[in-house]
K.L.:
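A single structure is presented below for examination.
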Amino acid sequence: MTLSLAAEEVAGFFAHMLDHEYTTKEVFRNNFFTDWRKEMTLKERMIITDLEKCNFNEMFEFYKNKMEAKRNMSKEEKQKIKEANQKIVEAFGFCLMDQHQERIGNFKIEPPGLFRGRGDHPKQGKLKKRIQPEDVIINCSRDSKIPEPPLGHKWKEVKPDNTVTWLASWTENVQGSCKYIMLNANSKLKGEKDWEKYEVARNLKSHIDAIREKYKQDWKSKQMVARQRAVALYFIDKLALRAGTEKEEGETADTVGCCSLRVEHIKLYPELDGQQHVVEFDFLGKDSIRYYNKVPVKKSVFKNLKLFMENKQNDDDLFDRLNTSLLNKHLNSLMPGLTAKVFRTFNASVTLQQQLKELTDSSANMPEKILSYNRANRAVAVLCNHQRAPPKTFEQSMANLQSKIESRMEQLALAKKELKLAKKEAKKSKDDKLQTVLEKKKKLVQRCEEQLMKLEVQATDREENKQIALGTSKLNYLDPRISVAWCNNMGVPLDKIYNKSQREKFAWAIDMTELDFEF
DNA sequence: CTGAGGACTTAGAAATGAGATG
DNA sequence: CATCTCATTTCTAAGTCCTCAG
């Protein structure tokens with residue numbers, strides 16, 4: 001069937017994803033179909049009434065072929081495209097802020113497509129519409145070179161607002177939320193904000209003892225709000241849970257954080273596996289990542305939880321008197337600038353520093369040191385529950401690495417045998433030639449051992465990292481000065497820990513960190 | 001106090017690119 | 001040189017937290 005332009009484009013969005021799990025989900029299909037029909041002409045709408053009867057295979061093939069063709073392009077063609085993209089970056093990827101040229105983080109408008117919400121998102125599959133210049137607000141100073149809208153178009157608005165950091169914004173149609181064009185993480189603006197974040201977290205160090213003392217006291221408070229606040233804060237501190245801001249029901253996937261936990265998300269065991277007062281957590285957090293943990297808690301916490309759960313239904317709030325704004329007001333009174341999320345930053349960075357101390361040995365070799373760093377990083381990722389789907393090829397790549405190790409082992413055994421032989425020969429006669437052969441064999445054994453060790457460390461690291469994502473904590477929770485100081489103290493080149501863009505993002509820390517930096 | 005909107009950080013998946021391997 | 005493999009970059013959704021109006 002030949003479709004109108006609008007209907008064809010939206011059908012294409014769906015066809016493009018035909019090999020993705022999304023297109024098998026009922027909610028996704030229904031949302032897509034509803035929105036697709038809105039784009040159809042009356043005539044099309046009369047004919048196309050049932051998604052099950054639509055066959056997108058031809059379109060799917062078309063896109064597959066297109067991708068195939070792209071893959072098979074000649075080197076020159078690929079180079080040309082690369083250069084063209086480079087030109088676009090040069091033209092649109094930068095802005096001038098306070099006389100300084102800065103890179104923009106996301107300078108391209110988000111293209112139309114089907115909304116890919118995470119988890120059981122009620123709006124998955126809805127049409128995300130194309131943004132027109134008429135939807136976009138430009139924020140730049142009056143005397144600057146105001147960007148030209150595309151020919152024949154006008155911006156929604158051009159205004160100078162120096163109280164915000166965004167350069168352009170628009171409202172997205174699926175959730176009705178604002179989207180922004182902002183600076184790259186390596187910009188001065190973002191760097192200063194980042195530094196401030198870690199300084200607030202460091203400041204918590206000198207308040208944490210008093211705060212912990214206080215919430216333990218509050219477990220016995222006469223006021224229910226104070227008790228709930230104290231137990232919630234205990235979880236946030238001990239388990240690095242997120243604050244848990246309330247969300248509008250039915251608008252997003254059903255996920256929770258600390259303050260929004262419901263009765264159904266925890267189970268109480270007076271005794272479990274030989275431990276007393278165990279709380280079992282099982283809920284979906286941000287991005288619908290499951291949080292599952294069994295934690296022994298203090299007796300009074302356990303008793304409080306029991307109390308909070310009394311006479312409640314499964315889907316009632318555990319902390320029914322508490323919300324994040326109440327909690328944060330309290331935190332702010334304990335320390336200026338303190339909010340729930342600061343505890344995550346604080347505990348993440350404290351954990352890294354302490355783990356690095358515990359795990360690294362300055363006499364270890366380079367791969368071992370890096371493994372130690374990754375393990376410290378991993379401890380933080382586990383604390384913060386940063387998970388990833390195991391790579392689809394994980395088992396295969398593990399097996400490949402293992403067979404590589406085995407062949408190296410054989411090589412090493414052979415090299416050792418040859419070394420032995422060379423030793424014998426060299427003993428017999430003092431021929432210079434035999435001596436050099438002996439040296440060569442020694443070196444070979446050494447090299448084989450080194451390579452084998454490297455591979456083994458790599459295998460350990462990869463296995464331990466199967467379902468764990470290190471990037472998020474590295475980028476957002478770990479004070480970079482801890483890593484910089486550690487690298488300098490351990491003689492580990494910084495680029496073993498941070499790649500190029502990470503070094504750019506953390507330039508402020510690389511510049512200022514002293515060897516004796518303590519978080 | 002509540003709810004909505006706005007601005008910003010944090011998040012994992014997907015696309016892309018660089019380097020290793022045969 | 002083609003292909004495969006892994007690391008990096010890009011993308012944009014999904015949180016946090018604040019302000020403002022009523």
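Quick note on labels: first sequence line is chain A, next is B, and so on, each numbered from 1. Reckoned from all heavy atoms, side chains included, excluding hydrogens, waters and symmetry mates. Since the structure is predicted, the reported quantities are computational estimates derived from the model, not experimental observations.
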K.L.:
Could you check how far NZ of A/K75 sits from P of C/dT3, rounded to whole Å?
P.N.:
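One finds 13 Å between P of C/dT3 and NZ of A/K75, rounded.
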K.L.:
Nearest to the side chain of A/W166 - B/dC8, B/dT10, B/dG12?
P.N.:
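The closest nucleotide is B/dC8.
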K.L.:
Could you check whether A/F281 and A/Y292 have their ring centres less than 6.0 Å apart?
P.N.:
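Ring-ring flag for A/Y292/A/F281: false, centres at least 6.0 Å apart.
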K.L.:
Mind calculating the distance between NE2 (A/H121) and C1' (C/dT12) to the nearest angstrom?
P.N.:
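Value for this atom pair: 13 Å.
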K.L.:
For A/I289 and for A/V164, find the nucleotide of DNA chain B with the closest heavy atom, then tell me which residue's nucleotide is more 5'.
P.N.:
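Comparing both residues, the 5'-ward one is A/V164.
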K.L.:
Taking any heavy-atom pair under 4.0 Å as a contact, classify A/G471: base, sugar-phosphate, or nothing.
P.N.:
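Answer is nothing: A/G471 stays at 4.0 Å or more from every strand.
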K.L.:
By nearest atom, which of the nucleotides C/dA14, C/dC17, B/dA14 is closest to the A/H20 side chain?
P.N.:
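Comparing C/dA14, C/dC17, B/dA14 against the side chain of A/H20, the answer is B/dA14.
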K.L.:
Knowing that exactly one of A/D316, A/D282, A/D254 qualifies, which makes a salt bridge (Lys or Arg N to Asp or Glu O under 4.0 Å) with A/R262?
P.N.:
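Running salt bridge (Lys or Arg N to Asp or Glu O under 4.0 Å) over A/D316, A/D282, A/D254 with A/R262 returns exactly one hit, A/D254.
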K.L.:
Please determine, for the side chain of A/C178, which listed nucleotide (B/dA7, C/dC11, C/dT12) has the closest atom?
P.N.:
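Looking only at heavy atoms from C-beta outward on A/C178, the closest nucleotide is B/dA7.
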K.L.:
Classify the nucleic acid contact of A/A253 as base, sugar-phosphate or nothing, counting any heavy atom under 4.0 Å across all strands shown.
P.N.:
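Counting heavy atoms under 4.0 Å across all strands, no contact is made by A/A253.
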K.L.:
Between A/K312 (side chain) and A/L318 (backbone), is there a donor-acceptor pair under 3.5 Å?
P.N.:
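Yes; at least one donor-acceptor contact below 3.5 Å.
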K.L.:
Between atom CG in A/N186 and atom C1' in C/dT10, what is the gap in whole Å?
P.N.:
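Going from CG in A/N186 over to C1' in C/dT10 covers 15 Å.
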K.L.:
Any ion pair linking A/R71 and A/E68 (charged N to carboxylate O, less than 4.0 Å)?
P.N.:
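The answer is yes: the pair qualifies as a salt bridge.
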K.L.:
Taking the nucleotide of DNA chain C with the closest heavy atom to each, which residue, A/N72 or A/G105, is nearer the 5' end?
P.N.:
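Closer to the 5' end of DNA chain C: A/N72.
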K.L.:
With a 4.0 Å limit, can you tell me whether A/R242 has a side-chain N or O closer than that to the phosphate oxygens OP1/OP2 of C/dA14?
P.N.:
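No, A/R242 has no side-chain N/O under 4.0 Å of OP1/OP2 on C/dA14.
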K.L.:
Does B/dG12 have its OP1 or OP2 closer than 4.0 Å to a side-chain nitrogen or oxygen of A/T472?
P.N.:
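Answer is yes, contact under 4.0 Å.
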K.L.:
If you check every side-chain atom of A/K341, which of C/dT16, C/dT12, B/dA7 has the closest atom?
P.N.:
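Selected nucleotide (nearest to the side chain): C/dT16.
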K.L.:
Taking the side chain as every heavy atom from C-beta outward, state whether A/F308 and A/M224 have any pair of such atoms under 4.5 Å apart.
P.N.:
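They are in side-chain contact.
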K.L.:
Answer with base, sugar-phosphate or nothing: what part of the nucleic acid does A/G176 contact at a heavy-atom distance below 4.0 Å?
P.N.:
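Nothing: the residue A/G176, judged by heavy atoms under 4.0 Å, touches no strand.
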K.L.:
Please determine, for the side chain of A/Q175, which listed nucleotide (C/dA14, B/dG12, B/dC8) has the closest atom?
P.N.:
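Out of C/dA14, B/dG12, B/dC8, the nucleotide with an atom closest to A/Q175's side chain is C/dA14.
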K.L.:
Counting only side-chain N and O atoms of A/K179, is one of them less than 4.0 Å from OP1 or OP2 of C/dA13?
P.N.:
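Checking A/K179 against C/dA13: at least one side-chain N or O falls below 4.0 Å of OP1 or OP2.
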K.L.:
Using a cut-off of 4.0 Å on non-hydrogen atoms, how would the nucleic acid contact of A/K128 be classed: base, sugar-phosphate, or nothing?
P.N.:
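A/K128: backbone/sugar contact only, no base atoms under 4.0 Å.
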K.L.:
Does A/S177 offer a backbone N or O that forms a donor-acceptor pair with the side chain of A/E172 under 3.5 Å?
P.N.:
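Confirmed, A/E172 side chain pairs with A/S177 backbone.
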K.L.:
Please work out if A/S501 contacts a base, only the sugar-phosphate, or nothing of the nucleic acid, heavy-atom cut-off 4.0 Å.
P.N.:
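If one applies the 4.0 Å heavy-atom cut-off, A/S501 turns out to touch the sugar-phosphate alone, with no base involved.
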K.L.:
Classify the nucleic acid contact of A/Q387 as base, sugar-phosphate or nothing, counting any heavy atom under 4.0 Å across all strands shown.
P.N.:
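Sugar-phosphate contact only.
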K.L.:
Once you apply a heavy-atom cut-off of 4.0 Å, does A/R71 come out as touching a base, just sugar-phosphate, or nothing?
P.N.:
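Result for A/R71 = nothing.
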K.L.:
Examine distances only and state if a side-chain atom of A/Q353 and a backbone atom of A/V350 form a donor-acceptor pair shorter than 3.5 Å.
P.N.:
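It does not hold such a pair.
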K.L.:
Among the nucleotides C/dA14, B/dT9, B/dA7, which one has an atom lying closest to any side-chain atom of A/K190?
P.N.:
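Shortest atom-to-atom distance from the side chain points to B/dT9.
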K.L.:
What's A/T324 touching, base or sugar-phosphate or nothing? Going by heavy atoms closer than 4.0 Å.
P.N.:
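Result for A/T324 = nothing.
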K.L.:
Select base, sugar-phosphate, or nothing to describe what A/S169 touches, counting heavy atoms under 4.0 Å on all strands.
P.N.:
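No contact.
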K.L.:
I want to check one thing: is the phosphate of B/dC8, taken as OP1 and OP2, less than 4.0 Å away from some side-chain N or O of A/T165?
P.N.:
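The answer is yes; a side-chain N or O of A/T165 sits under 4.0 Å from OP1 or OP2.
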K.L.:
On DNA chain B, compare the nucleotides closest to A/K82 and A/K193; which residue's is nearer the 5' end?
P.N.:
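First, find each residue's nearest nucleotide; the 5'-ward one identifies A/K193.
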K.L.:
Round to a whole Å and report the spacing from CD of A/Q502 to C1' of C/dA7.
P.N.:
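Going from A/Q502 (CD) to C/dA7 (C1'), I get 10 Å.
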K.L.:
Could you state the atom-to-atom distance from CG of A/D120 to P of C/dA14 in whole Å?
P.N.:
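So the two atoms are 12 Å apart, to the nearest Å.
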K.L.:
Can you identify which nucleotide, out of B/dT9, B/dA11, C/dG15, has its nearest atom closest to the A/T255 side chain?
P.N.:
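Between B/dT9, B/dA11, C/dG15, the one nearest the side chain of A/T255 would be C/dG15.
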K.L.:
Side chain of A/A469: nearest nucleotide among B/dT16, B/dG12, C/dC17?
P.N.:
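Looking only at side-chain atoms, A/A469 lies closest to B/dG12.
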K.L.:
Looking only at the side chain of A/Y477 (C-beta and beyond, no hydrogens), which of the listed nucleotides C/dT9, B/dA11, C/dC18 gets closest?
P.N.:
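Among the listed nucleotides, the one closest to the side chain of A/Y477 is B/dA11.
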K.L.:
Between A/K108 and A/C258, which has a closest nucleotide on DNA chain C that is more 5'?
P.N.:
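By nearest-heavy-atom nucleotide position, the 5'-most residue is A/K108.
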K.L.:
Has A/K286 got a side-chain N or O lying under 4.0 Å from the OP1 or OP2 atom of C/dT16?
P.N.:
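For A/K286, the contact criterion (side-chain N or O under 4.0 Å from OP1 or OP2 of C/dT16) is not met.
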K.L.:
Do A/S397 and A/R462 come close enough that some side-chain heavy atom pair is under 4.5 Å?
P.N.:
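Yes, close enough: below the 4.5 Å cut-off.
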K.L.:
Let me know the distance between CG of A/N476 and C1' of C/dA14, rounded to the nearest Å.
P.N.:
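Atom CG in A/N476 sits about 13 Å away from atom C1' in C/dA14.
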K.L.:
Given C/dC17, C/dA14, C/dG15, which nucleotide is nearest the side-chain atoms of A/N328?
P.N.:
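The listed nucleotide nearest to A/N328's side chain is C/dC17.
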